[in-house]
Engineer: 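I have a structure I would like to understand better, so I am pasting it below and will then ask my questions one at a time.
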Amino acid sequence: MKLQAIRGMKDLLPPDDRLWRRVEELARQTFMAFGFAELRPPLVEHTSLFARAVGQTTDIVEKEMYTFQDRGGESISLRPEATAGVLRAYIEHKIYASPGPHKFFTIGPMFRYDRPQKGRLRQFHQLNCEILDEAGPEGDAELLVMLTQFLAKLELGNITILLNSLGCASCRPAYRQKLLNFLLPQKDGLCPDCQRRMELNPLRALDCKVERCQTLTLNAPELPDSVCPECAAHFAKVRELLDLAGVSYKLEPRLVRGLDYYQRTTFEAVCGELGAQSAVAGGGRYDGLLSLLGGPDQQGIGFAMGMERLIMLMPPAQEVGPRLMVAALGEAAYTVMFPLVMRLRERGLTVEMPPAGKSLKALMRKADKIKAAQVAIVGEAELASGQIPLKDLGSGQQRLLTLNDFCRAFA
RNA sequence: GUGACUGUAGCUCAGUUGGUUAGAGCGCCAGGUUGUGGCCCUGGAGGCCGGGGGUUCAAGUCCCCUCAGUCACCCCA
């Protein structure tokens with residue numbers, strides 16, 4: 001037996017649990033203020049759902065999914081992203097029949113069989129938001145404002161929003177051809193990856209990291225100049241609303257998303273401190289995806305944030321000790337203090353009471369080690385006098401309280 | 001899937017051209033100190049040297065394989 005976590009999958013250990021809770025609580029609070037409700041799809045879906053939604057030829061579907069047969073012989077997969085499951089639920093439960101827009105958020109683990117590195121795990125966690133049955137640019141803007149507000153509340157700093165428009169089903173094919181016409185004559189000069197990209201997704205050649213490819217594509221046609229008037233108007237309105245809301249962003253004509261379903265507005269939130277995996281959030285509009293999955297002819301837009309990447313940008317978690325430690329010297333003291341401690345806990349106070357068998361020195365060392373804010377020492381003498389010393393470990397000050405006052409002190 | 005670097009105590013790391021019984025600091029436990037912690041002193045526990053194979057009289061050290069970690073490519077959040 002291998003006593004070792006699966007590669008690329010990590011245990012969440014204290015004190016980091018505090019960071020995770022803070023992110024999740026802040027996310028729920030922020031998303032709900034914008035009218036989002038939580039939708040939790042299963043972690044596993046039919047493989048065909050992801051193949052259809054994410055794109056048959058994407059790397060995610062082709063080589064990164066955890067796919068296996070269940071005992072009934074069906075091909076099922078661990079979700080590599082959240083949108084597909086949310087849309088499936090939206091269609092299956094006919095949520096589209098009631099008036100939109102509908103706003104959902106999903107928080108949880110995603111799975112991709114990648115080679116682990118900084119900011120990249122095989123089980124990672126995303127905060128995911130979708131607005132469905134929303135065709136107008138107001139939805140795009142609202143979502144981006146919400147994302148910006150959330151990142152600001154986390155006080156991460158140094159994050160840039162990159163914004164682009166990919167065009168729609170009617171104008172993107174023309175652009176794609178225009179780009180291919182530009183790339184084809186210099187195919188031999190491009191890196192092997194870009195030559196492959198020309199087959200699969202030529203737009204990706206635009207953000208290649210190889211210097212030679214960047215030089216060769218310097219004068220390549222760019223998206224915002226090539227989209228149709230409708231897409232251009234949509235994009236202009238999104239930017240106008242963002243300006244009104246005071247959201248700053250950077251236009252990035254070469255920003256391309258890797259999932260097939262994105263159209264029109266796309267965006268990414270990046271931070272240089274993260275190393276190679278610099279995107280903390282990414283998303284965009286996916287008009288046409290609902291109908292592609294057999295749903296209604298409604299539009300949608302969404303984003304996902306990588307929780308591990310957010311947390312890497314936060315200051316490290318500090319151990320926080322209990323508010324009070326009761327040091328009971330001897331069984332008699334323990335018996336008296338036990339019900340009191342239980343009552344304090346009932347009120348929500350964090351209280352520790354180690355077993356009675358230890359020496360005073362050991363108890364005091366423990367109080368220090370667990371960083372208790374205050375210590376009450378109770379032994380034979382205190383029981384006899386009815387006076388309990390309560391010591392503040394920060395200031396070193398000590399005061400005497402009766403048992404009654406002691407309980408009241410923490411009310 | 002490709003490449004580079006790294007695996008020695010709970011943690012951070014030493015360990016010589018291969019050579020006796022593998023070390024340090026921190027942490028942990030106990031004592032110095034019989035009811036007041038942090039500092040100091042003393043003692044103690046704790047190691048399949050990631051795993052397997054090979055070379056050798058002899059391997060933590062050299063070679064091969066493997067697993068894992070880290071970073072980068074790729075991909076993406």
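Each chain gets a letter, A, B and so on, in the order the sequences are listed, and its residues count up from 1. Just so it is clear, the structure is predicted and the values come from calculations on it, not from any experiment.
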Engineer: Sticking with atom C1', work out how far G25(B) lies from U21(B), rounded to a whole angstrom.
Structural biologist: 22 Å
Engineer: Does one side chain, of E130(A) or Y90(A), offer a donor that lies under 3.5 Å from an acceptor on the other?
Structural biologist: no
Engineer: Looking only at atom P, what distance separates C57(B) and G15(B), rounded to whole Å?
Structural biologist: 28 Å
Engineer: If you round to the nearest 0.5 Å, how far is CG of L251(A) from CG of L162(A)?
Structural biologist: 9.5 Å
Engineer: Suppose you measure atom P in U61(B) against the same atom in U20(B); what distance do you get, rounded to whole Å?
Structural biologist: 14 Å
Engineer: So what does G330(A) hit on the nucleic acid, given a heavy-atom distance under 4.0 Å: a base, only sugar-phosphate, or nothing?
Structural biologist: nothing
Engineer: Parallel, tilted or perpendicular: which fits the ring planes of F31(A) and F150(A), with parallel below 30° and perpendicular above 60°?
Structural biologist: tilted
Engineer: Any side-chain heavy atom of R22(A) sitting closer than 4.5 Å to one from E25(A)?
Structural biologist: no
Engineer: So for atom CZ, which belongs to F34(A), do other residues, nucleotides or ligands contribute more than 12 heavy atoms lying within a distance under 6.0 Å?
Structural biologist: yes
Engineer: Tell me if the centroids of the rings in F111(A) and F124(A) come within less than 6.0 Å of each other.
Structural biologist: no
Engineer: Which value, in whole Å, describes the distance between the P atoms of nucleotides G50(B) and G60(B)?
Structural biologist: 10 Å
Engineer: Check the distance between G7(B)'s P and Q4(A)'s CD and give it to me in whole angstrom.
Structural biologist: 17 Å
Engineer: Taking only the side-chain nitrogens and oxygens of K369(A), find out if one of them lies under 4.0 Å from OP1 or OP2 of C29(B).
Structural biologist: no
Engineer: Should V375(A) and L324(A) count as side-chain neighbours, where that means a heavy-atom distance under 4.5 Å?
Structural biologist: no
Engineer: Using a heavy-atom cut-off of 4.0 Å across all strands, would you classify K371(A) as base, sugar-phosphate, or nothing?
Structural biologist: nothing
Engineer: Expressed as a whole number of Å, how far does the P atom of C40(B) sit from that of C26(B)?
Structural biologist: 8 Å
Engineer: Taking NZ, NE, NH1 and NH2 as the nitrogens, is one of them in K371(A) or E319(A) under 4.0 Å from a carboxylate oxygen of the other?
Structural biologist: no
Engineer: Can you confirm whether the side chains of T266(A) and N164(A) place a donor and an acceptor under 3.5 Å from each other?
Structural biologist: no
Engineer: In whole angstrom, give the distance that lies between atom CG of D11(A) and atom C1' of G69(B).
Structural biologist: 15 Å
Engineer: I'd like to know if D114(A) pairs up with R112(A) as an ion pair, taking the criterion as any Lys NZ or Arg NE/NH1/NH2 lying under 4.0 Å from an Asp or Glu carboxylate oxygen.
Structural biologist: no
Engineer: Once Watson-Crick and G-U wobble pairs under 3.5 Å are found, how is RNA chain B written in dot-bracket notation, 5' to 3', with | for any base paired to another strand?
Structural biologist: (((((((..((((.....[...)))).(((((.......))))).....(((((..]....))))))))))))....
Engineer: G52(B) and A14(B): how far apart are their P atoms, nearest whole angstrom?
Structural biologist: 24 Å
Engineer: Looking at E45(A) and R79(A), is there a salt bridge between them, counting it only when a charged N and a carboxylate O are closer than 4.0 Å?
Structural biologist: no
Engineer: Which letter, B, S or -, goes with each nucleotide of nucleotides 33-42 of chain B from 5' to 3', with contact meaning a protein heavy atom under 4.0 Å?
Structural biologist: --BBBS----
Engineer: Between G19(B) and C63(B), how far apart are the P atoms? Round to whole Å, please.
Structural biologist: 15 Å
Engineer: When the P atoms of U16(B) and U33(B) are considered, how many whole Å apart are they?
Structural biologist: 43 Å
Engineer: Expressed as a whole number of angstroms, how long is the span from I370(A):CD1 to C28(B):P?
Structural biologist: 13 Å
Engineer: Aromatic contact between Y262(A) and Y286(A), with the criterion being ring centroids under 6.0 Å apart: yes or no?
Structural biologist: no
Engineer: Encode nucleotides 72-77 of chain B as B, S and - characters from 5' to 3', where the letter depends on protein heavy atoms closer than 4.0 Å: B to the base, S only to sugar-phosphate, - to neither.
Structural biologist: BBBBBB
